[in-house]
Amino acid sequence: MGVMGNIFDKCDFESKIFENRGIMLPSYLPEKLPFREKQIEDMVSVLSACTKGDRPTNLFIYGKPGTGKTSCTKYVINQLDEFAKKNSLRIRTIYANCRQYNSKYKVLSNVVQKLLPERDIIGYSGTFVYENLLAYCEKNQAKLIVAMDEIDKVKDLDELIYALTRANEELKKGAISIIGISNQLTFKERLDARTKSSLCEKEIVFPPYNAEELAEILRERVKMAFKKGVVDESAIKYAAAIAAQESGDARAAVMLLLRAGELAEKELLNKVTDVEVRKAKREVEEEIAIDMISTLPEQQQLVIYAISRLTFEKRGIKRFDDEHALCSGEIYDEYKKIAARFNIAPVSIRWFQEYIGELETYGIILTTNSGKGFKGQSRIIRLGLDVEKVKTALEKRFSS
DNA sequence: AATCCACAGGAAGTGCTGGGCG
DNA sequence: CGCCCAGCACTTCCTGTGGATT
């Protein structure tokens, strides 16, 4: 044996694509929040009350995912903290994600834990936690601002809001304000009337970004996250266009560009263009689809498996004019064979047809109606996804 | 032209399940 | 607590379409 290199030698620790990949991750909090000046200004004008010693009104923020709700809120309360520190004001801000803290008790104990990190309050009763909260505010004469992200995930929200608003009545010196954040626009209507009126004293809407705004946001990120000149303008434009068309979700746009960058890195390219973005988009869609397939009922999985097998076998072998078009009869036969192999009772052809229709509405398969020239009214079926990936995913599923 | 074939899709019936109600 | 009924997943049966075969 000659001189052996290290097996990690191939892994270039110096990326040719990324300058700082972390900036493209969802956890990154940007310093600039373009196109949200108005919303930030509104938040400041509400929260500025506490710098004058008053209790800020509660705030309800809503908008679709990826419209900057969380980033703006975090940014504003960080700034407020900084300002309070500089001017020695008695203001405390707390951010809690309610997906994690999804009940009144969990939220309150998390808040108290953050206020009193040295005090161990885990395992104590709700009233004990609540009293600690009051005691803290009273003792420190604190204006407390609690930002609750994904507030719709809290199971007993009415009680939580009630507890926090009632606290204000009991407190002589301190005060508590709530910032509620939600991406469900219908959520507000489900609330108790009293909860609604106290939580929604002031509302701020975060509209989705349009394509130009998304492109600007991406350019800003790319400047810091990627090496200079690596990301082509076409990639930015394309990623922005996709995200704008789908929901105006900035996080999705950033993720897409991150995936495109990782793809370019894997393929040892030195540029990221719209081609990589397109590939990244396909990759993401396929992952979602395969994920979805795994949650489908067993029978439908068998149908998809039958289609993937037949398509796989037929690749290259031309039949009629279409490359890998299938008609429902042969799929049903294959499906019955596979079902027998796995000892699963097959469904009747009638129900099989319903499955085909359902899978089509999910976008997993594509069907065209062969009006003329072939077996009367019939459906030509093909898989809308990467056949091999689907096949291996399902083989894994059924082998266990 | 009559019949067959391969298929789509409607209608009605069946057996199971889970939730509301007396 | 048992009962009943609605809803579901599915089957059986049936009608209709349009090319292929006799």
Side-chain angles (χ1 to χ4, degrees), chain A residues 99 102-105 152-160 184 186-193 195 285-400:
Chain A
R99 201 207 308 238
N102 60 356
S103 71
K104 175 189 166 191
Y105 178 74
D152 44 299
K153 296 289 186 311
V154 180
K155 282 172 232 155
D156 43 6
L157 185 60
D158 288 323
E159 282 164 52
L160 174 60
Q184 291 186 35
T186 53
F187 153 75
K188 206 178 73 184
E189 310 312 317
R190 291 205 309 266
L191 289 174
D192 184 293
T195 313
E285 277 172 355
E286 238 146 45
E287 274 164 33
I288 291 169
I290 287 176
D291 212 57
M292 194 180 111
I293 288 173
S294 71
T295 68
L296 250 36
E298 190 178 55
Q299 294 285 354
Q300 298 192 22
Q301 291 183 356
L302 282 179
V303 173
I304 298 167
Y305 185 43
I307 296 171
S308 73
R309 275 187 57 105
L310 284 175
T311 320
F312 195 71
E313 282 167 21
K314 285 215 177 140
R315 193 140 50 189
I317 306 165
K318 303 249 173 197
R319 247 271 192 92
F320 316 114
D321 300 315
D322 290 7
E323 320 96 276
H324 13 276
L326 304 165
C327 44
S328 59
E330 54 181 337
I331 297 172
Y332 186 62
D333 290 342
E334 177 72 12
Y335 155 79
K336 271 197 293 193
K337 265 191 243 164
I338 293 169
R341 180 139 45 88
F342 294 117
N343 257 337
I344 298 165
V347 294
S348 68
I349 196 158
R350 183 66 190 83
W351 200 248
F352 168 83
Q353 289 174 167
E354 296 292 323
Y355 283 160
I356 293 289
E358 216 170 307
L359 293 176
E360 189 188 10
T361 61
Y362 294 154
I364 293 170
I365 57 171
L366 305 168
T367 79
T368 41
N369 219 332
S370 80
K372 289 201 171 87
F374 178 66
K375 294 177 183 173
Q377 206 68 299
S378 183
R379 274 162 132 175
I380 311 257
I381 296 158
R382 70 207 156 82
L383 212 54
L385 309 162
D386 186 296
V387 179
E388 212 166 339
K389 278 189 193 153
V390 171
K391 186 164 160 279
T392 46
L394 284 171
E395 254 149 27
K396 210 181 285 170
R397 152 80 174 77
F398 282 112
S399 64
S400 59

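Every chain is numbered from 1 and lettered A, B, ... according to where its sequence line falls, protein lines coming before strand lines. Computed over heavy atoms, backbone and side chain alike; hydrogens, waters and symmetry mates excluded.
Looking at A:Gln301, its side chain does come within 3.5 Å of a backbone N or O of A:Leu296 through a donor-acceptor pair.
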**Study point:** Full working for side chain to side chain contact (heavy atoms under 4.5 Å, CB included) between A:Phe398 and A:Ile338
**Key:** CA-CA 10 Å; A:Phe398 282 112; A:Ile338 293 169; over 6 Å; no
Exercise for review: Run the numbers on A:Glu298 and A:Arg397 for side chain to side chain contact (heavy atoms under 4.5 Å, CB included), then give the verdict.
Suggested key: CA-CA 10 Å; A:Glu298 190 178 55; A:Arg397 152 80 174 77; 3.7 Å; yes
Review point. A:Arg350 and A:Gln353: side chain to side chain contact (heavy atoms under 4.5 Å, CB included), yes or no, with the steps?
Key: CA-CA 5 Å; A:Arg350 183 66 190 83; A:Gln353 289 174 167; 3.5 Å; yes
**Study point:** Trace of the side chain to side chain contact (heavy atoms under 4.5 Å, CB included) decision for A:Leu359 with A:Ile381
**Key:** CA-CA 11 Å; A:Leu359 293 176; A:Ile381 296 158; over 6 Å; no
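With sequence neighbours left out, A:Ser294 forms a side chain to side chain contact (heavy atoms under 4.5 Å, CB included) with no residue at all. Residues forming a side chain to side chain contact (heavy atoms under 4.5 Å, CB included) with A:Ser103 (at least two apart in sequence, or on another chain): A:Tyr105, A:Lys106, A:Asp156.
Contacts between residues 343-352 of chain A and DNA chain C, defined by a heavy-atom separation below 4.0 Å, involve A:Pro346, A:Val347, A:Ser348, A:Arg350, A:Trp351, listed by number. Taking a 4.0 Å limit (strictly below) on heavy-atom distances, residues 353-367 of chain A reaches DNA chain C at A:Tyr355.
Partner A:Ile365 forms a side chain to side chain contact (heavy atoms under 4.5 Å, CB included) with one of A:Ile356, A:Ile331, A:Leu326 and no other, that one being A:Ile356.
Between A:Ser328 and the phosphate of B:dA6, there is no side-chain N or O to OP1/OP2 separation shorter than 4.0 Å.
Here B:dC7 presents its C1' atom at 12 Å from CD1 of A:Ile331, a figure rounded to the nearest Å. The distance from atom CG of A:Leu302 to atom P of C:dA9 is 17 Å, rounded to the nearest whole Å. One atom, CD1 of A:Ile380, and another, P of C:dG19, lie 14 Å apart when rounded to the nearest Å.
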Just distance, no hydrogens or angles: give the donor-acceptor pairs under 3.5 Å from side chains in residues 303-310 of chain A, sequence neighbours left out.
residue  : atom : partner  : partner atom : Å
A:Tyr305 : OH   : A:Glu395 : OE2          : 3.0
A:Ser308 : OG   : A:Tyr305 : O            : 2.9
A:Arg309 : NE   : A:Glu334 : OE2          : 3.1
A:Arg309 : NH2  : A:Glu313 : OE2          : 3.3

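A:Tyr335 has its side chain within reach of A:Gln299: a pair of non-hydrogen atoms, C-beta onward, lies under 4.5 Å apart.
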All N/O pairs under 3.5 Å across the protein-nucleotides 12-16 of chain B interface:
none

